[in-house]
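As structure tokens, the structure follows; a few thoughts come after it.
Chain letters run A, B, ... following the sequence lines, proteins first and then strands; every chain starts at 1.
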Amino acid sequence: MKMLKKTASLMLASALMVSLAACGSDSGSSGSSGSDTFKIGGIGPTTGDNAIYGTAVENGIQLAVDEINADGGINGYQIEYQFEDDQSDSEKSVNAYNTLKDWGMQMLVGTVTSTPCTAVVEETHADNMFQLTPSATAVESIQYDNAFRMCFSDPSQGSASADYIAENGLASKIAVIYNSSDTYSSGIYQTFVTEAQAKGLEIVATEAFTADSKTDFSVQLQKAKDAGADLVFLPIYYQEASLILAQANNMDFAPAWFGCDGMDGLLALEGFDTSLAEGLMFLTPFTADAEDEATQTFVADYKENFGETPNQFAADAYDCLYSIKAAAEQADITPEMSISDISDAMKTAMTEITIDGLTGKQITWGEDGEPSKDPTVVVVEGGKYAVLQAE
Amino acid sequence: MGMLKKMSKNTRSNLITYGIVIAAFLIMQTLITTGSISSLLEGLMVPLCIYVILAVSLNLVVGILGELSLGHAGFMCVGAFTSAFFSKCMRDVITSSLLRFFLALLIGIAVAAVFGLIIGIPVLRLKGDYLAIVTLAFGEIIKNLVNVLFIGRDSNGFHFSTKDVMDLNMEPDGTVLVNGPQGITGTPKDSTFLIGVILILITLFIVTNLINSRDGRAIMAIRDNRIAAESIGINVTKYKLMAFTISAALAGAAGVLYAHNLSTLTATTNNFGYNMSITILVFVVLGGIGNIRGSIIAAVILTLLPELLRGLSDYRMLIYAIVLIIMMLFNWAPKAIEWREKYFSFGKRKKEAVK
């Protein structure tokens, strides 16, 4: 027995040394970055619960990189692109960031989810690396001046929803059903309630659910119904929303429904009866069936390359790359510059550019890294998204 | 060598374990200072220390006490959140990061130990599968409690709520410290590799000394035969609680290290839920139940493996699982042991040399 332990530990120890040695030699070769290409890295969950978002971002960036490279690149330099998985976990996200740094990354597009982004922004700030997140919505995710974002922040979505409901007189009694274990959902919920109170909307019921209990919503719906709510605000993702809509239908509860950008994808959900979503309104920067040419080309290309309809995450990621291109051309940066010089130049350039992207027209950025673009309110009509109002 | 021979077998084995840790630290530290190591590995140093401490501390319960605990991540969670809360409150008051970390460490360990004691009293009346399931439930309770906790601070002092931020009723100047599922953001990054290694050495010192002490022998007697141990007058409850509480306190220390390594702290299934508890258990089982040095090595390998497999992109978690199965079989399957003995004679020669 003792001998066995000795052998085992010896084997493990030698395996460890070999792996360490292998790793050491890796770093030597990848440390020097080629000076004739821009190296752009991406981080997001491509495995685990949130894999759908990470994969969409990975594909969105890939599509944009291929297009830009075919068009002659940024300032005449081609882009090299690598995407790393973080499983939506802060610790793994920092590992992914370090892996990309070893690869020679000069600019970061990521991370996809909010909490890991807040952890990674601490690292990019320390290294002064330019970071543009396509979809991390928490305020702290871009708390430093080297970080920008493409999507709306949680507070801006929450208050925009409340403003829209109040200004259009959609309802007097509002119920909210949100996911209290989710950063995105509870973030929007908090600002929605604050703004709704300021606007004089009456919130009659606030019901929470958690990631562990997201299949049966009858209790929450019953409470909303008993409170006499004529509008239910759902700052949640479409998977849960589809169940809520179906269960409300079963109990003859038919208020107006209002959601946020997480609703995008609802109609494409397999097995979902689209008539249930009739009249559902939600705020989104992007819908795959928008009529304009840019969106249609993007959707067609995306379908051809990856075999599925792109969601808002893919569109945000795609826009990120074109924003970087515009800012890089504005600042006239070259791959020979150090990471820190690129970041300094990009910081200024980002506030100077204006982008017409898939997720908004005339997008500009403030020094705080927040984009200014108009949310579009979309309503489901006849099983299709229709733009209700572009504010 | 003569001195080594005079020592007891245990002391010698312990010294070798300390030696491995210190040597690993010196090698890695030299590589980091000379810059000949990848940023990935450099960033992994603190997490490695965290997992080693967790594995060694769980081995105390699983290997030495002989009870299966599936709630280890819960104690880590308690240590992480209390210490992060303290550090966030004191960020501007105590500017010396070492002093602040030291105090946070003491608080994290103390609170985790108290939780270990509170949970241990009812739970340790059970044994076997029942104990495993109840500890699993407690781990989940801790995680879910943290997720509904809202704490804010304004000019009037602290405000608590279990509903939402608005329920805190804070003055406009208030700041939210613990924001429910969004956890704590802005914890100072005080963990370093050196602190991590010192904590490993302290953990090893506590655990190995406990094992070789009178108390440790009593604990092992309970593991081997509870009735016999009781019959010779060993206070079973006391010794069980002792091992469980010490293990919880050490997990709390690992939690403190974890919280101060990242600027965000949220309690999810992956970092403080049953996934993590099982990961730690895997370290212990792979390294050998009751084998402290094995726990260290297994924790290091299994933490490094998924990161080193990044080149395989999406297949890496699949490969990781397969490698895990192969390693388990290679280590523990009777046929594999037989095969190894046949073809790898160096183990035998080594054994003779030791004699």
Side-chain angles (χ1 to χ4, degrees), chain A residues 2-13 15-16 19-20 22-24 26-28 30-31 46-48 83-85 87-92 94-99 101-102 114-116 118-119 121-123 138 140 179-183 186-187 189-190 193-194 206 208 210-212, chain B residues 20 31 36-44 47 140 144 147-148 164-166 179-183 185-186 189 258 261-266 268-271 287-288 291 293-294 297-298 300-301 304-308 310 313-314 316-317 327 330-331 337 340-341 344 346-348 350-351 354:
Chain A
K2 188 163 156 277
M3 189 230 94
L4 161 73
K5 278 185 187 164
K6 278 200 179 300
T7 322
S9 56
L10 212 75
M11 294 293 298
L12 291 173
L16 179 68
S19 62
L20 280 180
C23 205
D26 270 354
S27 68
S30 62
T46 55
T47 58
F83 196 88
E84 287 295 337
D85 178 25
Q87 297 171 1
S88 200
D89 180 89
S90 306
E91 190 189 329
K92 299 209 168 60
V94 172
N95 292 343
Y97 171 72
N98 284 328
T99 309
K101 233 168 72 179
D102 292 333
S114 298
T115 311
T118 315
V121 80
E122 204 72 42
E123 307 292 321
E140 294 89 3
N179 182 349
S180 65
S181 64
D182 183 48
T183 326
S186 50
Y189 160 71
Q190 284 170 13
V193 172
T194 318
T206 52
T210 64
D212 301 325
Chain B
I20 290 176
L31 286 175
S36 52
I37 197 169
S38 62
S39 336
L40 173 66
L41 269 185
E42 197 183 331
L44 273 172
E140 289 300 295
N144 283 312
N147 269 335
V148 295
D164 52 39
V165 168
M166 280 71 75
N179 194 357
Q182 298 175 42
T185 37
K189 231 184 138 173
Y258 182 94
N261 187 40
L262 300 165
S263 63
T264 54
L265 185 65
T266 50
T268 61
T269 319
N270 285 333
N271 60 5
N291 182 349
R293 201 188 306 158
I297 295 169
V300 169
I301 289 181
L304 282 180
L305 199 59
E307 295 305 327
L308 298 181
R310 271 188 184 277
S313 67
D314 287 356
R316 72 193 173 103
M317 292 324 279
M327 280 168 78
F330 185 77
N331 265 357
I337 294 170
R340 255 178 9 219
E341 278 176 359
F344 294 91
F346 65 90
K348 263 186 194 144
K350 220 175 144 59
K351 190 184 171 191
V354 170

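Heavy-atom minimum distance, B:Gln182 versus A:Ser186: NE2-OG, 3.5 Å. Of all heavy-atom pairs spanning B:Asn270 and A:Gln87, the tightest one is ND2-O, 4.2 Å.
Heavy atoms closer than 4.5 Å to chain B are found in both the backbone and the side chain of A:Thr118. In this structure, the portions of A:Ala96 lying under 4.5 Å from any heavy atom of chain B include both its backbone and its side chain. In this structure, the portion of A:Thr206 lying under 4.5 Å from any heavy atom of chain B is its side chain and not its backbone.
Put simply, the side chain of B:Thr268 never gets that close to the backbone of A:Asp89: no donor and acceptor are under 3.5 Å apart. Between the A:Asp102 side chain and the B:Ser39 main chain, a donor and an acceptor come within less than 3.5 Å of each other.
Separation of atoms CG (B:Asn271) and OG (A:Ser90) is listed at 7.0 Å; rounding is to 0.5 Å.
Ion pairing between a basic and an acidic side chain is recognised when a charged N comes within 4.0 Å of a carboxylate O; A:Glu123 and B:Lys189 show such pairing.
Contact count against chain A (heavy-atom pairs under 4.5 Å) is highest for B:Pro47 among B:Gly180, B:Gly183, B:Pro47. With chain A as the partner, the residue from B:Gly288, B:Gly186, B:Pro306, B:Pro181 showing the most heavy-atom pairs under 4.5 Å is B:Pro181.
Legend: residues meeting side-chain hydrogen bond (donor to acceptor under 3.5 Å, both in side chains) with A:Thr194, ordered by chain and number and at least two apart, are absent. Under the side-chain hydrogen bond (donor to acceptor under 3.5 Å, both in side chains) criterion, A:Glu91 pairs with B:Tyr51, sequence neighbours left out.
The closest side-chain heavy-atom distance from B:Thr264 to A:Glu122 is not below 4.5 Å. Between B:Asn147 and A:Thr210, every side-chain heavy-atom pair lies at or beyond the 4.5 Å cut-off. Here the side chains of A:Asn98 and B:Glu307 are not in contact, with every heavy-atom distance at 4.5 Å or above.
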